[in-house]
Enquirer: 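Before we start, here is the structure in question, set down as structure tokens.
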Amino acid sequence: MASYNHAAIEKKWHDKWELNPINPKTDREGHEKEKYYCLDMFPYPSGNGLHVGHWRGYVISDVWSRYKLLQGYHVIHPMGWDAFGLPAENYAIKMGIHPSVSTEENIKNIKKQIKQIAAIYDWDMEVNTTDPGFYKWTQWIFVQMFKKGLAYEKEFPINWCPSCKTGLANEEVVDGKCERCGTPVTKKNLRQWMLKITAYADRLLEDLKTLDWPEKVIKMQTDWIGKSYGAEVNFPIDGRDEIITVYTTRPDTLYGATFMVLSPEHELSASLATPEHKAEVDEYILAASMRSNVDRMQDKEKTGVFTGSYAVNPLNQEKIPIWLSDYVLADYGTGAIMCVPAHDERDFAFAKKFGLPIVQVIAEDPDHVEELKEAYTAANGVVVNSGEWNGMRSETLKTEAPHIIEKMGIGKATVNFKLRDWVFSRQRYWGEPIPIIHCPHCGNVPVPEDQLPLELPDVESYEPTGTGESPLAAIDEWVNTTCPVCGAPAKRETNTMPQWAGSSWYFLRYVDNHNTEELISKEAAAKYLPVDMYIGGVEHAVLHLLYSRFYTKFLYDIGVVDFEEPFKKLFNQGMITGKNGVKMSKSKGNVISPDELVRDYGCDALRMYELFVGPPQLDAEWDDRGIDGVRRFLTKVWNLLLDSTDGEPVIATQEMIRARHQLIYTITSRLNDFSLNTVISGFMEYTNQLASIAKKSGGVDIETLEVLSVLLSPFAPHLAEEMWEKLGHDTSVFENQWPAYNEEAMKEDEIKIPLQINGKTKGVLTIAASADKDTILSKGKELLGKKLEKEPVKEIYVPGKIVNFVVK
RNA sequence: GCGGAUGUGGCGGAAUUGGCAGACGCGCUAGACUUAGGAUCUAGUGGGCUUCCCGUGCAGGUUCAAAUCCUGUCAUCCGCACCA
């Protein structure tokens with residue numbers, strides 16, 4: 001008996017599929033099939049190669065793709081390379097090898113590793129973000145945004161990573177540290193290119209409702225966008241002409257404002273200091289500017305300084321002191337707040353610390369207002385101490401106040417977002433050059449579209465200058481150009497785009513990747529997009545996924561695509577970790593490479609084990625030993641095949657037919673629930689059952705094996721093809737339709753009903769499935785016999801499920 | 001501090017959504033076959049004082065019946081972190 005030789009079987013089918021891909025656009029009659037677009041988050045081609053964690057996501061997406069294929073779809077399942085970015089550049093700095101060379105090398109290696117997965121990627125669709133034919137369109141999108149006023153230059157203190165020596169978007173600052181390298185982020189005043197993602201804030205928020213995405217990701221994006229309703233209120237400054245506008249979500253508490261706090265960076269902060277407070281104020285502003293974000297965030301205790309100036313509450317004309325404190329953020333709202341210590345925790349803490357008055361304006365019971373021990377932040381209660389507003393419900397006033405204020409002419413109703421515009425320029429080499437020319441006469445002029453791509457020139461040193469200039473600035477012959485509008489000498493923009501630029505739209509390009517005239521043709525966009533299923537890690541919950549949504553909406557607005565959301569369904573697979581949940585990393589030395597496992601156990605075994613380790617959406621600790629189990633399973637399937645095809649065909653028994661339909665049901669429903677780990681255990685259970693049936697009958701029938709091979713094909717494609725061939729077919733197993741089950745055929749003749757006394761199981765009754773309630777109850781009593789000491793006071797029977805006798 | 005997820009044998013995890021807790025697999029134990037075993041096969045494997053009882057982080061509750069629902073609480077992980 002030939003044993004299961006994974007190496008030979010897998011090599012054979014690998015080569016066949018290479019020649020004859022199994023994912024046709026049309027069905028056997030030549031009719032065009034409906035498309036299903038199943039997308040992986042494309043990898044950065046790092047020099048470290050793949051580990052078993054990368055495999056997991058790709059296996060999940062491939063299983064799903066093959067399942068869709070068997071359901072009759074034409075599956076769009078592409079792969080590409082997100083190849084711009086810092087590691088290649090840092091490698092270049094260290095080794096003097098051009099990033100394009102090391103990138104190409106890495107892609108070659110990773111592609112080889114990815115091919116080991118045997119996924120049905122369509123390599124004709126491959127894209128690479130560093131390919132000029134690709135980044136031509138990355139630049140083109142930027143030019144369109146520029147033309148629409150969505151890309152603009154701005155000089156202001158940006159997030160600066162002193163290690164990467166580059167500016168960062170807000171989204172890239174995690175806990176005050178650089179998302180890439182973990183270095184604490186500082187502020188630096190620099191001219192930057194910005195993308196006005198805030199113009200899309202409302203749509204980005206609103207359309208989240210339409211997405212079939214994990215709750216968690218929707219929540220994270222919702223919070224990131226951070227929409228709030230409130231009012232801007234104008235406070236005149238006592239004795240001066242300027243006014244200070246504050247933003248508040250609680251205009252209903254306006255009468256309770258007893259002081260005001262400005263952020264140290266507020267434009268009026270320095271000038272508000274009266275002579276006797278000047279020194280202290282200047283010192284505070286300077287100190288705040290020196291501190292990093294991390295530092296500021298670690299403060300528990302509030303700090304602050306009094307300016308000596310007063311603002312006037314526009315409602316009651318009361319003078320309130322103006323303070324500065326760094327708990328007020330310069331770039332949220334107006335950078336200034338009115339403080340109502342009675343009804344805001346932070347204001348309360350500040351007032352307590354600096355001895356400022358506290359006036360309660362909302363009370364649960366207006367007749368018994370006692371001194372507050374802590375801020376009363378709930379907006380439910382009766383308004384007090386508030387002039388003409390007294391007696392109103394604060395719930396009502398909260399929504400009406402903005403309009404009242406607006407009518408009074410002291411402010412206006414406003415909506416605010418946490419979302420900031422996107423710092424889009426990087427002072428680095430290995431990215432798409434920003435296609436803008438600075439002309440002394442015409443200002444910023446985009447590179448004419450027929451001159452795109454604006455190719456990245458070679459440089460002598462990749463090292464960032466650290467002064468805020470990109471290495472490109474050192475290439476005079478590239479920098480110096482002429483203005484496309486007036487022809488005068490002009491200079492090129494030397495900043496490059498962030499890595500997100502290419503990844504924000506790459507999924508559009510796969511389906512029309514050779515198009516030199518358009519980013520994507522209208523036909524291809526309409527036919528293949530949007531993405532039906534997007535699979536990847538949760539680490540991109542805000543960054544990549546938010547940017548991609550923004551890009552898609554913009555491309556919708558300029559008529560490139562006809563949909564507003566790129567990814568209909570999102571699945572986040574959990575991370576594979578090393579022992580004790582430690583993230584796999586080269587530095588920790590706990591990286592498990594798939595290469596040896598594929599060699600020793602086979603691709604099919606590793607694919608199935610990747611799914612069997614645990615629920616796909618949860619993290620899982622890798623344990624090499626477990627793969628033996630799936631390997632044994634595959635061997636059992638193989639032996640079953642050999643036993644059954646070794647001689648006279650076995651006639652199907654009722655038991656085999658029933659088991660077959662039950663299997664189809666089990667696998668299909670678990671697959672639809674994305675419960676891939678239990679799909680595998682379902683197969684194992686079934687195979688154990690079949691093995692014992694086969695022992696009695698000398699094998700199982702052909703149809704059972706055929707169904708098994710089709711069901712198994714998304715998971716263990718090589719073995720499935722081999723089985724299908726051994727069963728006498730010269731077609732591919734993937735030309736089948738996903739099998740259907742028959743409810744009738746699944747039904748057992750006999751059922752087992754647990755018998756309980758007071759909810760504790762005391763026996764199991766095996767009885768004909770057709771038996772009625774009375775029969776079951778009396779047979780049950782009979783079976784329990786002496787255990788049922790007294791006549792039950794109550795008899796519970798849930799059809800097909802359980803019997804419970806309740807005794808006193 | 002706020003929000004979310006998770007908590008079940010020695011381990012990874014099942015449990016048709018309120019109906020036999022521990023499927024399936026790893027590991028372990030014993031046996032068989034072997035010159036050999038990190039191969040294969042067979043049997044066993046939650047705990048205990050074993051006709052019975054106890055067991056799903058902990059404490060209560062609802063129910064004929066709870067891992068599942070409710071109340072409270074603890075632990076771990078993740079996200080946000082002065083957003084006015």
Side-chain angles (χ1 to χ4, degrees), chain A residues 3 174-176 214-217 219-220 222-224 226-228 230 246-251 253 260-261 263 296-300 302 325-329 331-340 343-347 349-350 416-420 538-539 541-542 574-575 581 608-609 612-615 617-633 635 639 665-666 669-670 673 675 677-688 752-764 786-787 792-798 800-807:
Chain A
S3 61
V174 177
D175 287 338
E215 282 300 322
K216 181 189 165 112
V217 177
K219 177 87 169 54
M220 281 170 77
T222 304
D223 289 352
W224 191 262
K227 185 175 187 174
S228 66
V246 303
Y247 172 69
T248 178
T249 54
R250 294 295 303 277
T253 63
M260 180 180 272
V261 177
S263 85
R296 270 203 197 191
M297 283 188 324
Q298 270 157 358
D299 276 347
K300 286 273 178 285
K302 301 238 178 308
S325 176
D326 62 8
Y327 83 89
V328 176
L329 307 174
D331 59 0
Y332 180 77
T334 61
I337 60 170
M338 66 174 209
C339 294
V340 185
H343 305 287
D344 181 281
E345 282 171 30
R346 295 150 303 174
D347 298 347
F350 196 85
N416 230 300
F417 292 93
K418 283 205 296 196
L419 183 70
R420 305 285 76 155
V538 74
E539 65 272 17
V542 276
M575 199 174 34
M608 292 191 89
Y609 185 56
F612 192 55
V613 276
Q617 71 280 8
L618 298 182
D619 291 354
E621 273 180 38
W622 188 263
D623 181 356
D624 265 348
R625 284 178 302 187
I627 197 174
D628 285 315
V630 288
R631 169 65 207 215
R632 282 176 199 134
F633 159 75
T635 307
N639 291 338
Y665 171 80
T666 304
S669 54
R670 291 179 183 181
D673 290 344
S675 179
N677 52 327
T678 62
V679 167
I680 307 301
S681 59
F683 274 123
M684 290 173 166
E685 245 173 298
Y686 174 72
T687 310
N688 293 344
K752 287 187 192 327
I753 299 194
L755 303 172
Q756 300 185 329
I757 298 172
N758 288 345
K760 299 221 153 88
T761 304
K762 300 289 178 184
V764 179
K786 277 194 304 223
K787 289 180 187 167
V793 293
K794 200 170 174 189
E795 297 170 349
I796 312 251
Y797 171 59
V798 182
K801 290 240 166 101
I802 204 133
V803 169
N804 191 10
F805 296 111
V806 185
V807 297

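Because the structure is a prediction, the values reported are computed rather than measured. So you know, we letter chains A, B, ... as the sequences are listed, proteins then strands, and number each from 1.
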Enquirer: Measure the acute angle between the ring planes of A:Tyr609 and A:Trp622, then classify it against the limits of 30° and 60° as parallel, tilted or perpendicular.
Expert: perpendicular

Enquirer: Taking the same atom, C1', in B:rA66 and in B:rU17, what whole-Å distance lies between them?
Expert: 12 Å

Enquirer: Rounded off to whole Å, could you give me the CG-to-P distance for the A:Asn677 and B:rA23 pair?
Expert: 15 Å

Enquirer: Taking B:rA67 as the reference, what is the distance to B:rG7 when you measure between their P atoms (whole Å, please)?
Expert: 14 Å

Enquirer: Given B:rC53, B:rC24, B:rC78, which nucleotide is nearest the side-chain atoms of A:Lys762?
Expert: B:rC53

Enquirer: Between A:Arg670 and A:Thr678, what is the shortest heavy-atom contact and its length?
Expert: NH1-O, 2.7 Å

Enquirer: Nearest whole angstrom, please: distance from the P of B:rC82 to the CD1 of A:Ile337.
Expert: 13 Å

Enquirer: Other residues, nucleotides and ligands only: do more than 12 of their heavy atoms fall within 6.0 Å of CD on A:Glu345?
Expert: no

Enquirer: Which of the following nucleotides, B:rG19, B:rC20, B:rG79, is nearest to the side chain of A:Val764?
Expert: B:rC20

Enquirer: Check whether any side-chain N or O of A:Ser228 sits under 4.0 Å from OP1 or OP2 of B:rA84, and answer yes or no.
Expert: yes

Enquirer: At less than 3.5 Å, do the side-chain atoms of A:Lys302 and the base atoms of B:rC82 form a donor-acceptor pair?
Expert: yes

Enquirer: Strictly under 4.0 angstrom, non-hydrogen atoms only: write out the protein contact profile of nucleotides 27-44 of chain B, one letter per nucleotide from the 5' end, B, S or -.
Expert: S-----------SS----

Enquirer: When you compare B:rU45 with B:rU68, how far apart are their P atoms, in angstrom units rounded to a whole number?
Expert: 27 Å

Enquirer: With side chains defined as the heavy atoms from C-beta onward, is the minimum distance between A:Phe612 and A:Met684 less than 4.5 Å?
Expert: yes

Enquirer: Rounded to the nearest Å, what distance is computed from the CD1 atom of residue A:Ile627 to the C1' atom of nucleotide B:rG13?
Expert: 17 Å

Enquirer: Check whether any side-chain N or O of A:Asn758 sits under 3.5 Å from a backbone N or O of A:Val807 as a donor-acceptor pair, and report yes or no.
Expert: yes

Enquirer: With a 3.5 Å distance limit and no angle check, can you tell me whether A:Asp619 reaches the backbone of A:Gly574 through a side-chain donor-acceptor pair?
Expert: no

Enquirer: Considering heavy-atom distances to RNA chain B, does A:Gly333 or A:Val174 have its closest nucleotide positioned more toward the 5' end?
Expert: A:Val174

Enquirer: Quick one: does A:Asn416's side chain have a donor or acceptor within less than 3.5 Å of a partner on A:Ser228's backbone?
Expert: no

Enquirer: I want to verify a distance call: between B:rC24, B:rA14, B:rG19, whose nearest atom is closest to the A:Lys801 side chain?
Expert: B:rG19

Enquirer: Please indicate whether A:Tyr665 has more than 12 foreign heavy atoms, meaning atoms of other residues, nucleotides or ligands, lying under 6.0 Å from its OH.
Expert: no

Enquirer: Grab the CG-P distance between A:Asp347 and B:rA84 for me, whole Å please.
Expert: 12 Å

Enquirer: Counting side-chain heavy atoms from C-beta on, which of B:rC24, B:rG79, B:rG19 comes nearest to A:Asn804?
Expert: B:rG19

Enquirer: Nearest-Å distance, CD (A:Gln617) to C1' (B:rC78)?
Expert: 15 Å

Enquirer: Can you tell me which nucleotide in B:rG19, B:rC54, B:rA23 comes closest to the side chain of A:Ser681?
Expert: B:rA23

Enquirer: From the options B:rC82, B:rA84, B:rA23, select the nucleotide whose nearest atom is closest to the side chain of A:Asp326.
Expert: B:rC82

Enquirer: C1' atom, B:rU56 versus B:rA21: distance in rounded Å?
Expert: 7 Å

Enquirer: Starting from the C-alpha separation in whole Å, work towards a yes-or-no answer on side chain to side chain contact (heavy atoms under 4.5 Å, CB included) for A:Val538 and A:Lys216.
Expert: CA-CA 9 Å; A:Val538 74; A:Lys216 181 189 165 112; 3.9 Å; yes

Enquirer: For a stem of at least 3 consecutive Watson-Crick or G-U pairs with distances under 3.5 Å, i pairing with j, i+1 with j-1 and so on, which stems involve RNA chain B?
Expert: B:1-7 with B:74-80, B:10-12 with B:24-26, B:27-32 with B:40-45, B:46-48 with B:52-54, B:57-61 with B:69-73

Enquirer: How would you label the glycosidic angle of B:rG25: syn (within 90° of 0) or anti?
Expert: anti

Enquirer: When you compare the side chains of A:Asp347 and A:Tyr327, does any donor N or O come within less than 3.5 Å of an acceptor on the partner?
Expert: yes

Enquirer: Within the structure shown, what part of the strands sits under 4.0 Å from A:Asn688 by heavy-atom distance: base, sugar-phosphate, or nothing?
Expert: sugar-phosphate

Enquirer: Side-chain N or O of A:Lys794 less than 4.0 angstrom from OP1 or OP2 on B:rC64?
Expert: yes

Enquirer: Name the nucleic acid region contacted by A:Asp223, choosing base, sugar-phosphate or nothing; use a 4.0 angstrom heavy-atom cut-off, strictly under.
Expert: nothing

Enquirer: Using the C1' atom as the point on both nucleotides, what is the distance between B:rG44 and B:rG61, in whole Å?
Expert: 40 Å

Enquirer: Looking at every strand, decide which applies to A:Val806 at a 4.0 Å heavy-atom threshold: base, sugar-phosphate, or nothing.
Expert: sugar-phosphate

Enquirer: List the steps, then state whether side chain to side chain contact (heavy atoms under 4.5 Å, CB included) holds for A:Met260 with A:Val246.
Expert: CA-CA 9 Å; A:Met260 180 180 272; A:Val246 303; 3.6 Å; yes

Enquirer: Quickly work out the A:Ile796 CD1 to B:rA66 C1' distance and round it to whole Å.
Expert: 15 Å

Enquirer: When you get a sec, tell me which of B:rC20, B:rA84, B:rG25 is the closest nucleotide to the side chain of A:Thr761?
Expert: B:rC20

Enquirer: Looking at A:Tyr327, does any N or O in its side chain come under 4.0 Å of the phosphate oxygens OP1/OP2 on B:rA84?
Expert: no

Enquirer: For B:rG9 and B:rA15, measure between their C1' atoms and round to the nearest Å.
Expert: 15 Å

Enquirer: I need the A:Leu329 CG to A:Thr334 OG1 distance, nearest 0.5 Å.
Expert: 11.0 Å

Enquirer: In whole Å, what separates the C1' atom of B:rG48 from that of B:rG55?
Expert: 10 Å

Enquirer: Report the C-alpha separation of A:Phe350 and A:Ser325 in whole Å, then their side-chain angles, then the decisive distance to 0.1 Å, and conclude whether the side chain to side chain contact (heavy atoms under 4.5 Å, CB included) test is met.
Expert: CA-CA 9 Å; A:Phe350 196 85; A:Ser325 176; 3.7 Å; yes

Enquirer: Relative to the 5' end of RNA chain B, which residue comes earlier, A:Pro615 or A:Gly759, by the nucleotide with the nearest heavy atom?
Expert: A:Pro615

Enquirer: Based on the glycosidic angle (syn within 90° of 0, else anti), state the conformation of B:rU6.
Expert: anti

Enquirer: With rounding to whole Å, what would you report as the distance between B:rC26 and B:rG4 at their C1' atoms?
Expert: 31 Å

Enquirer: Quickly work out the A:Met684 CE to B:rG12 C1' distance and round it to whole Å.
Expert: 12 Å

Enquirer: Anti or syn, where syn is a glycosidic angle within 90° of 0; which label fits B:rU68?
Expert: anti

Enquirer: B:rC82, B:rA23, B:rC20: which one has an atom nearest the side-chain heavy atoms of A:Ile802?
Expert: B:rC20

Enquirer: Provide, to the nearest angstrom, the distance between the OH atom belonging to A:Tyr665 and the C1' atom belonging to B:rU16.
Expert: 6 Å

Enquirer: Ignoring the backbone of A:Pro754, work out which of B:rC20, B:rA81, B:rG3 is nearest its side chain.
Expert: B:rC20

